[in-house]
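This is the structure I have questions about; it appears just below.
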There are 2 protein chains.
Amino acid sequence: MSLPGLLGAVDPTSDRAVFRQIADQLRESIDRGRFKEGEKLPSEAELVEHYGVSRMTVRNSFSILQGEGLVHAEHGKGVFVRPRPPVRRLASDRFARRHREQGKSAFIVEADAAGSHPQVDSLEVKEEKATQDIATRLGSVRRVLARRRRYLLDGRPVEFATSYLPLDIARGTQIAEPNPGPGGIYARLEELGHHLDHFEEEIRARMPAPSEVKTLRLASGVPVIHLIRTAYDTEGRAVEVCDTVMAADAYVLSYQLPAT
Amino acid sequence: MSLPGLLGAVDPTSDRAVFRQIADQLRESIDRGRFKEGEKLPSEAELVEHYGVSRMTVRNSFSILQGEGLVHAEHGKGVFVRPRPPVRRLASDRFARRHREQGKSAFIVEADAAGSHPQVDSLEVKEEKATQDIATRLGSVRRVLARRRRYLLDGRPVEFATSYLPLDIARGTQIAEPNPGPGGIYARLEELGHHLDHFEEEIRARMPAPSEVKTLRLASGVPVIHLIRTAYDTEGRAVEVCDTVMAADAYVLSYQLPAT
DNA sequence: CTTGCCAACTCGTCTATACGAGTAGCCCTG
DNA sequence: CAGGGCTACTCGTATAGACGAGTTGGCAAG
């Protein structure tokens, strides 16, 4: 029962609260690799005994580490060091025309290449009223076609995206079908004469709302990356807005910029 | 003492834990604007009385909302709805040559334009051993010149950045001085014959480490954006790596991409 | 009127206890 | 040997109480 000499003692007279000291020691042990990814930390009861503190104090320490995204608790099993999931790299040229020739979507192609099992679900395509923000970005349209879908890698949801298109562009075209066909909606837009000129991407990071925790099955301590992409055609018109929420621990975004 | 009819009751027999139900009600009240930004929530004691639960239960609810970045507690004062701070937009062309002509740094110019009071502190310029990651990015250099600085807006730290440059480029030049002169180090690099060709930026989001919480004075529930920019010259050599950690609630990154 | 103290209110930390519920392994039963 | 159930262990939720420390405003003393 006595813990291997990994953890020291706490100083109750210290300025630093006891539960913070315990969290500090556990964090350091994790950082130094004394507890490895996926490994189980000592149980609450063990730490209670080791440090001579009450259970709430230990739980308080755990909740700090959870908030930092370092560990996660499993009911009935224990508290574990959170493994770093495989990361998906999004390159800034992922929508370049040359990637649009194939039949499969960028997500599927990339995932296959990385050896993961990709999946897309909760497809929903419907017409709806534009929110204020979407309306502004699309240039004052009232109603839009919304295409919603969720992406999964090896069964884990990693991204939830909604594309909004003006009805006068999308209605009655293949864009309004669940399957937009080879090359995705950007290929269809170009076929319809809306030649794409450039994209604008806005990136934010924040903690997820409860609904996002649910759809992305996020562990506590995992932020989301919120990306809003607007596609403009050669006439300067915004033809699509894509609102994407990604599990931050599953993504690295990568941009290549000219130094002009 | 009785609370204005904003909050309902909880169902102790429900599947959903009582402290979650309380958090839900408070969250909804905040979302609906019944508690406004900066406004004080009912005190722990008031909620204890209103819901007929123990204090730890109420504190548990608050800690959920804190983790979501919705509220923050001030010792001796109360729990407040966290105001959304003014946001700094970083455009992808912020390092274009045309922005480099003036004497002042991009940060100062932008902040002045936005009506904020900018500040730069904890300047440190020194030679040091490159970490494995930096060495790889710079093409296997051993030692580097590191330029560290922290940026503040209206007294609030928002960004902490470190630039790494190969010693054979930077040593003995103005780049190794605390003040790199008009146009910043990119201007100096070009004067030295290292004409910049393009930048590569990698973006991640995660919860901050304790040291980052300290230097950026982050409230709990605020993630950081971690941006690593590598600058390449026209010969394809990496001439600088800039590692930046930003308070996520203070930034929106914006990229303009060709549709090519 | 000003100063300084005190009281009341705030959240922060910690203890002790209790019960519930999920998990996993052992052992007994059939 | 297979199955089922018991038990011990895990974390989850909740109560009640205590003391500490930061903040604020009022009141009393100077």
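Labels below follow one simple rule: chain letters A, B, ... track the order of the sequence lines, proteins then strands, and each chain is numbered from 1.
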Could you check how far CD1 of B/I22 sits from C1' of D/dT13, rounded to whole Å?
-> 12 Å
Exceeds 12 heavy-atom contacts within 6.0 angstrom, atom NZ of A/K214 = no
When only distance counts, do a donor and an acceptor, one from the side chain of A/R20 and one from the base of C/dG12, lie under 3.5 Å apart?
-> no
Distance in angstrom units between A/N60 CG and D/dC11 P, rounded | 15 Å
Please state whether the base of D/dT15 and the side chain of A/R55 form at least one donor-acceptor pair under 3.5 Å?
-> no
Quick one: on DNA chain C, does A/P12 or B/L41 contact a more 5' nucleotide (nearest heavy atom)?
-> B/L41
By a strict heavy-atom criterion of less than 4.0 Å, which residues belonging to residues 75-85 of chain B are in contact with DNA chain C?
-> B/H75, B/G76, B/K77, B/G78, B/V79
Can you tell me how far C1' of D/dT13 sits from OH of B/Y51, to the nearest Å?
-> 17 Å
Under 4.0 Å between a side-chain N or O of A/S43 and OP1 or OP2 of D/dT10?
-> yes
A/F62 side chain, from C-beta outward: closest of D/dC11, C/dC14, D/dT15 | D/dC11
Tell me, with the steps shown, if A/D243 and A/R137 meet salt bridge (charged side-chain N to carboxylate O under 4.0 Å, His left out).
-> CA-CA 11 Å; A/D243 182 296; A/R137 290 176 194 270; over 6 Å; no
Please state whether the phosphate of C/dT13, meaning OP1 or OP2, lies under 4.0 angstrom from any side-chain nitrogen or oxygen of A/T57.
-> no
Take atom CZ of B/F19 and atom C1' of D/dT13, then tell me their distance rounded to the nearest Å.
-> 7 Å
Mind calculating the distance between CD1 (B/I64) and P (D/dT13) to the nearest angstrom?
-> 8 Å
Atom CD of A/E39 and atom C1' of D/dT10: how far apart are they, to the nearest Å?
-> 17 Å
To the nearest angstrom, the CE-C1' distance between A/M56 and C/dT15 comes to 11 Å
B/E44 CD to C/dT13 C1', in whole Å, measures 12 Å
Of D/dT13, D/dT15, D/dT10, the nucleotide closest to the side chain of A/A45 is D/dT10
For the pair A/H50 (side chain) and A/G8 (backbone), establish whether a donor and an acceptor sit closer than 3.5 Å, ignoring hydrogens and angles.
-> yes
Rounded to the nearest 0.5 angstrom, the CZ-NZ distance for A/R148 and A/K126 is 5.5 Å
Choose from D/dA14, D/dT10, C/dC14 the nucleotide whose nearest atom is closest to any side-chain atom of B/S54.
-> D/dA14
Test item: side-chain donor near acceptor, B/Y255 and B/E201, under 3.5 Å = yes
Do we see a donor-acceptor contact under 3.5 Å between the side chains of B/S163 and B/R149?
-> yes
Chi angles and distances behind the salt bridge (charged side-chain N to carboxylate O under 4.0 Å, His left out) call for B/R20, B/D24 = CA-CA 6 Å; B/R20 290 186 203 285; B/D24 290 344; over 6 Å; no
